[in-house]
Asks: 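Before I ask anything, let me first share the structure, which is written out below as structure tokens.
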Amino acid sequence: MHKNISFHVARHTFATTVMLSNGVPIETVSKLLGHTKLSTTQLYARVVESKISDDINRLLKRFEQKRSKAIGNC
């Protein structure tokens, strides 16, 4: 099946699926898209559920590392 996609759809897919889902910060995506305001990119891009989960897991690992270092220094 052949589908024509618009420039907007391609741009949105690139920003969300390729960039944000692979850990590129939204500030970088905003600059690459030529947005002058971060809020434009925030409206333009959707947050992917797996990205939220990955970010929280990364944060929890950092907390655990800091906790382990603090315990080791006692």
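These numbers come from a predicted model, not from an experiment.
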Asks: Calculate, to the nearest 0.5 Å, the distance between atoms OG1 and NE2 belonging to Thr13 and His8 respectively.
Replies: 9.0 Å
Asks: What heavy-atom pair brings Leu20 and Pro25 nearest, and what distance separates the two atoms?
Replies: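 Smallest interatomic distance, heavy atoms only, reads CD2-C, 4.5 Å.
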Asks: Look up atom NZ in Lys31 and atom OG1 in Thr36, then write down how far apart they are to the nearest 0.5 Å.
Replies: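 Result: 8.5 Å between the selected atoms.
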Asks: Rounded to the nearest 0.5 Å, how far apart are CD1 of Ile56 and OG of Ser53?
Replies: 8.0 Å
Asks: Give the minimum heavy-atom separation between Asn22 and Thr17, together with the two atoms involved.
Replies: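 Between these two residues, the closest heavy atoms are ND2-O, 3.6 Å.
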Asks: With rounding to the nearest 0.5 Å, note down the distance linking OG1 in Thr41 to CE in Met19.
Replies: 11.0 Å
Asks: Which residues satisfy the side chain to side chain donor-acceptor pair (under 3.5 Å) test with Arg58, sequence neighbours excluded?
Replies: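 Partners of Arg58 by the side chain to side chain donor-acceptor pair (under 3.5 Å) criterion, ordered by chain and then number, come out as Asp55.
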Asks: Given 3.5 Å as the limit, does a donor-acceptor pair link the side chain of Ser30 with the main chain of Ile26, or not?
Replies: no
Asks: Does Arg67 pair with Glu64 as a salt bridge, N-O distance under 4.0 Å?
Replies: yes
